[in-house]
Amino acid sequence: MAKILAVDDSASMRQMVSFTLKGAGHDVVEAVDGVDALAKSKGQKFDLVISDVNMPNMDGITLIAELRKLADFKFTPMLMLTTESAGDKKQQGKAAGATGWIVKPFNPDQLLATIGKVL
Amino acid sequence: MTFDMSQFLVTFYEESFEGLDIMETELLALDVGEADLETINTIFRAAHSIKGGSGTFGLNDVATFTHVMETLLDEMRDGKRDVTQEGVNILLESVDVLREMLSTLQAEEELDVERIAIVKQKLDNLLAGDSTEAASPIVEEQPSVAENNITDTQTMDTSTAGSSGWVINFKPHVGMLQTGNDPVRMFRELSTLGDFSAELDTSNLPEFLLMEPENSALSWVLTLKGDIPKSEIEEVFDWVEDDCDLTITAITSSFPADEEIAEAEIISETEEPKPIKEVPVETPIPQAADSATSEKPEAKAKRKVTTEASSIRVSIDKVDELINMVGELVITQSMLSQLGEEEEFGEEHLEKLKNGLMQLERNTREMQENVMRIRMLPISFVFQRFPRLVHDLSGKLDKKIELVLSGESTELDKTVMEKIGDPLVHLVRNSLDHGIESPEVRLAAGKPETGEIHLNAFHEGGNIVIEITDDGAGLNLEKILSKAKSSGIVGENDKLVDEDIADLIFRPGFSTADVVSDVSGRGVGMDVVRRNIRALGGTVDVKTKAGEGSVFTIRLPLTLAILDGQSIVVGDEVYIVPLVAIVESIQVDTSLVNGITGQAEVYRLRDEYIPIVKLCDIFNVKPLHDNMEDGLLVVVEAEGKKVALLVDDLLGQQQVVIKSLETNFKSIEGISGATILGDGTVALILDVTGLITISKQNTKAGNSKTPTSVAA
């Protein structure tokens, strides 16, 4: 099954995402912010990156831009978790190279359905 | 796979409360006018996380409320709105409301809808007020968690194309692939919607030598047949909206689509369409929501108990240390058991055994101390709420006050900590309200305009000491005394030293406040403060100096689980008297024993007459000694009253682990708990306050005025 990097500074969201994905048989690596995620991305490949946008140290959009620069992540689907329905965050994300987004709040079904689009 | 969202709620509540604390601290640190962007960002992130989490975990009221806060913070962050004192105050109020909402929800109780609505209105008003953005987007984004539809637009969309279908012209821009979007996956998804076919257009494909493999140069005409809402198709292309040219046209009945498309060269997705919406996951959300709403009150009550069994965060160091110690204990144990297996037990073995036992004792003691430390938390958990309190109250009272905190890392037991919060708040309020004078009065008295309240904590012996010092006016002893005399607490001619007068403020119903403010001064309070602190086995007293201020000193035991006790013997029984209650122990000099009105006996100890309590009578035990002079008197004090307990003998002092009598048996007056002694027998721990009450009841007849000390 797919190997997924889940990035969120909120422990409860991370737990939920990770639990859902693992429940669907995926292999999940968790990271607490952009810096952590970037460190965990060095030297390993992922089939999918799911990242929150608002995080301390390094936000999700910067993270996506940084990951896209890496050869291993050139075409990797990267989804942003965003509560901002306002378009500008999505646009910023897209500009940084995000594949798509999942609008919070979402439930496990919605999460699985959405990642189904890119796996 | 069904899962219960509530399993994440514990973490969610925990991190939300942490987030609220952060918001509060940062809001207080925020400089009005020139706000630090990073500070606002931190506040924003905390609000944002709470909103995201609450929406996800079905706490819609919280999500809606936080959303408004977030919008406000977002505008501040983007520089669209100035950070005003009003804004900060409303945000602080919102933090309070949120905290209340979360703890109410955690306890599964009813929300205070009115209060929430009031504060939300304030936020809305602020938002609608002077910003460039109206409050309209608030309504737009109502988190809809309970919604089970993966595509909630589905139901709303009306532009369905009848039964025929759609033709989609899809021409990705050059860079679309570089965002990780893949046409093949989109086609796969479309194929789940209906009867799907695709026609490839390669006309834009450059010559082979010029081809860039990472660019996209193909385009497609897609046909999707079936009764499909347009919105569902749009959703498939949602992420690439700006990365492609896309037209979606309905197939009209006149459109000869069938034949033409069938003849076209088709790059079809041959793989069996996987109906994505039927990914094998059951729907947990509605269930969670159902069970939450339909839960019976009884069930709620039951749940509440479990939430009170709260968790505790322990630093990994403490755990490591404990594991280390268990290791040592195991070594000692194996050494001792090896010794036990020796066939012959000689002199040198005895020496070894003694050493081993000594080591065991040390291990046990260290381990006990360390286990206790697990329950210990730094007092900063309590202190951190005071900056806010002082900020709010000094604004309300028009006073300038600086709060100084020290000793925040001093640790104390979690239970003690939870219970000391309210008394502390009361004392600090009191210092603010009655202690510190208004700026004018201070200046007139030659003091700096800004008053200072100092909260300090430190360890002293087995106790933790918390001091609340203010540099205000000090207690008005004359006023206290006259008030006490007029209300009959003190007799007209009683002579009291200053300390005793100051102590009067802890008497029930005592207040010298001229005006009852909403801050303090209702005369309920100081007595409750003292009662609560006593319930924790602690003491509180006050020292004051006119014009220079007052110091309230609270002393608390470090833990409630262990007690330093004195073992006493009455008849065949051993009892434990808390060491803190013992004033002194004396041999009985019968010439100093006086009978008053034939009922009770008192003992003249220096200048005081102290009622004698015969434990043998209270507990109905046959004493070892029939004559009083063979026994001993243990003078104990509680709530300012002294009694002398008549016991047969004193044993050693020891630390005892308190076992609740109530949970194991039932509550008994005069007994506060039980413990297990070294030899395995159970000893009862005496409740000195209770014993004093019992002795009073026994001697009530005719001697209401026992000549005990006046220092109550």
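All chains are named by letter (A, B, ...) in the order of the sequence lines, taking the proteins before the strands, and each is independently numbered beginning at 1.
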Contacting moiety of [X], where chain B heavy atoms sit under 4.5 Å:
{"X": "A:L119", "value": "backbone"}
{"X": "A:A98", "value": "backbone"}
{"X": "A:S10", "value": "both"}
{"X": "A:I115", "value": "neither"}

If you measure from [atom1] on [X] to [atom2] on [Y], what distance do you get to the nearest 0.5 Å?
{"X": "B:F57", "Y": "A:M13", "atom1": "CZ", "atom2": "CE", "result": "6.0 Å"}
{"X": "B:E15", "Y": "A:Q15", "atom1": "CD", "atom2": "CD", "result": "8.0 Å"}
{"X": "B:R188", "Y": "A:K117", "atom1": "CZ", "atom2": "NZ", "result": "11.0 Å"}

Going by residue number, which parts of residues 66-74 of chain A are within reach of chain B, meaning a heavy-atom gap below 4.5 Å?
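Within residues 66-74 of chain A, the residues that come under 4.5 Å of chain B (heavy atoms only) are A:R68, A:K74.
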Considering non-hydrogen atoms only, spot the tightest contact between A:F106 and B:T56 and give its length.
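Result for this residue pair: O-CG2, 3.3 Å.
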Do you know the tightest heavy-atom contact between A:N54 and B:R77?
OD1-NH1, 3.4 Å
Tell me, for B:N41 versus chain A, whether the close heavy atoms (under 4.5 Å) come from the side chain, the backbone, both or neither.
neither
Taking side chain as everything from C-beta outward and backbone as N, CA, C, O, which of these in B:N181 sits under 4.5 Å from a heavy atom of chain A? Side chain, backbone, both or neither.
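For B:N181, the contact with chain A is made by backbone and side chain together.
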Using the salt bridge (charged side-chain N to carboxylate O under 4.0 Å, His left out) rule, collect all pairs that involve residues 43-61 of chain A, keeping only residues at least two apart or in two chains.
A:D52-A:K104
Can you tell which of B:D182, B:T42, B:D238, B:L9 has the highest number of heavy-atom pairs within less than 4.5 Å of chain A?
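Of B:D182, B:T42, B:D238, B:L9, B:D238 has the most heavy-atom pairs under 4.5 Å with chain A.
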Of the listed B:T179, B:L177, B:D243, B:T11, the one with the largest count of heavy-atom pairs under 4.5 Å with chain A is B:T179
Checking the side chain of B:R185 only, and the main-chain atoms of A:V118 only, is there a donor and an acceptor separated by less than 3.5 Å?
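Flag set: sc B:R185 to bb A:V118 pair under 3.5 Å.
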